[in-house]
2 protein chains.
Amino acid sequence: MAGSKLDPIDRHILAELQADGRMTNVELAKRVGISAPPCLRRVRTLEESGYIKGYHADVDARELGFEVQVFAMVRLQSQAEADLSAFEARCRAWPLVRECHMLNGEIDFILKCVAPDLSTFQSFLTAELTAADNVASVKTSLVIRCAKDEPGLPFDVLEARLSKTA
Amino acid sequence: MAGSKLDPIDRHILAELQADGRMTNVELAKRVGISAPPCLRRVRTLEESGYIKGYHADVDARELGFEVQVFAMVRLQSQAEADLSAFEARCRAWPLVRECHMLNGEIDFILKCVAPDLSTFQSFLTAELTAADNVASVKTSLVIRCAKDEPGLPFDVLEARLSKTA
DNA sequence: TCATCGGGCGAAATAATATTGCGCCTGAGG
DNA sequence: CCTCAGGCGCAATATTATTTCGCCCGATGA
């Protein structure tokens, strides 16, 4: 099973750093119950082996003037791999698109977008997204409010799962 | 305009910390072109005033055994505020639900969920989500692959915008 | 059962970073 | 021109990160 190369201390480290990525190594070591040097070694190993992909400050979008958040459901005309890749590449190049997920079912892609205001988004929608090659239809939904936005993973679910197997 | 209380150095700091939340203050100061003490003071101010909401390690879901990611589109029977809030509270309590956004249009909520495997998600879907009070319908879409997943905001868009106004 | 070996831990020393204190400069307002 | 507030950076100090190294434990094999 994936993740089994990690012991409980490693998982504890991941959970703590997911919750507070700027915790000092001393504090982290204290929380997971080992001393600072091995704790730091574990963190470095987790980083190098890809369990930790990076660290990011969580910036308040509204405060910074990004008032609008939108989910866009996109259907394409062709689902040939080359066409899918081409669309993905376009998404990567659009700064207003923050996430692009390929889905199963009727909808081919869902995009999470941000914009400073509605008119900026509308311009993007009509001039770029809807107008893009191979795009059959786009349905958009404005985010009215966000009830939950937890970064990362539920480590408690993971622990529960592992304790069953063990 | 929102964000106008920030000068270019503040925005530069936010952009850098969004890209690498564990950068040392010395390195950050060097990049934004001031010395370490005022840089740290700015960071603290940004944290206290809420521009920076936190820092998080970005953990690899697949590596940790979360193979499945799903978007769930939920419609409710009642959209009275009390019922909306009740549903949001339920979402906050479900660990598999990582994000919950209220939308305009036909769909009332979109949820981003993760699970270790499909059967875990199916159990959650049938026993919890679909079965929950006031839920009229749930449409789910499995994420086949993720083409883009940029944390945070496009600071280049913000800068472009501000330079126009200025 | 007992020697050997590898891996991981932690104390201690050292290097780097964060944080505080303070004097200087600058620009706004009188 | 003077004064004051705000923000900077130097220098000193406190914390933290990182390296070094010896110890312990558990696995392996004679």
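Per chain, numbering begins at 1; letters A, B, ... match sequence-line order. Please read all numbers here as calculations on a predicted model, not as lab measurements.
- Other residues, nucleotides and ligands contribute only 12 or fewer heavy atoms inside 6.0 Å of the CZ atom of A:Arg75.
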Discussion item. Please encode protein proximity along nucleotides 18-23 of chain C as a string of B, S and -, counting only heavy-atom distances under 4.0 Å.
Written reply: SSB---

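- The distance from atom CZ of B:Arg42 to atom C1' of D:dC8 is 9 Å, rounded to the nearest whole Å.
- Summarising the geometry, the separation between CZ on B:Arg31 and C1' on C:dT17 is reported as 16 Å, rounded to the nearest angstrom.
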Item to complete: Could you give me the CA-CA distance, side-chain angles and deciding distance for B:Lys139 and B:Glu106, then say whether salt bridge (Lys or Arg N to Asp or Glu O under 4.0 Å) is met?
Response: CA-CA 12 Å; B:Lys139 270 193 183 178; B:Glu106 308 163 37; over 6 Å; no

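- Using the six-membered ring where Trp is involved, A:Phe71 and B:Phe71 have ring planes that are perpendicular, over 60° apart on the 30 and 60° scheme.
- With B:Glu16 as the partner, the salt bridge (charged side-chain N to carboxylate O under 4.0 Å, His left out) test is satisfied by one option alone out of B:Arg31, B:Arg11, B:Lys30: B:Arg31.
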Discussion item. If you apply the rule side chain to side chain contact (heavy atoms under 4.5 Å, CB included), what do you find for B:Leu6 with A:Leu64, and how did you get there?
Written reply: CA-CA 9 Å; B:Leu6 301 181; A:Leu64 268 156; 3.9 Å; yes

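- Atom CG in A:Leu46 sits roughly 12 Å away from atom P in C:dG8 (whole-Å rounding).
- What separates CG of A:Asp7 from C1' of C:dG7 is a distance of 12 Å, to the nearest Å.
- Considering only heavy atoms from C-beta on, A:Asp20 stays 4.5 Å or farther from A:Glu27 through its side chain.
- Computed from coordinates, the A:Ile9 CD1 to C:dC9 C1' distance equals 10 Å when rounded to whole Å.
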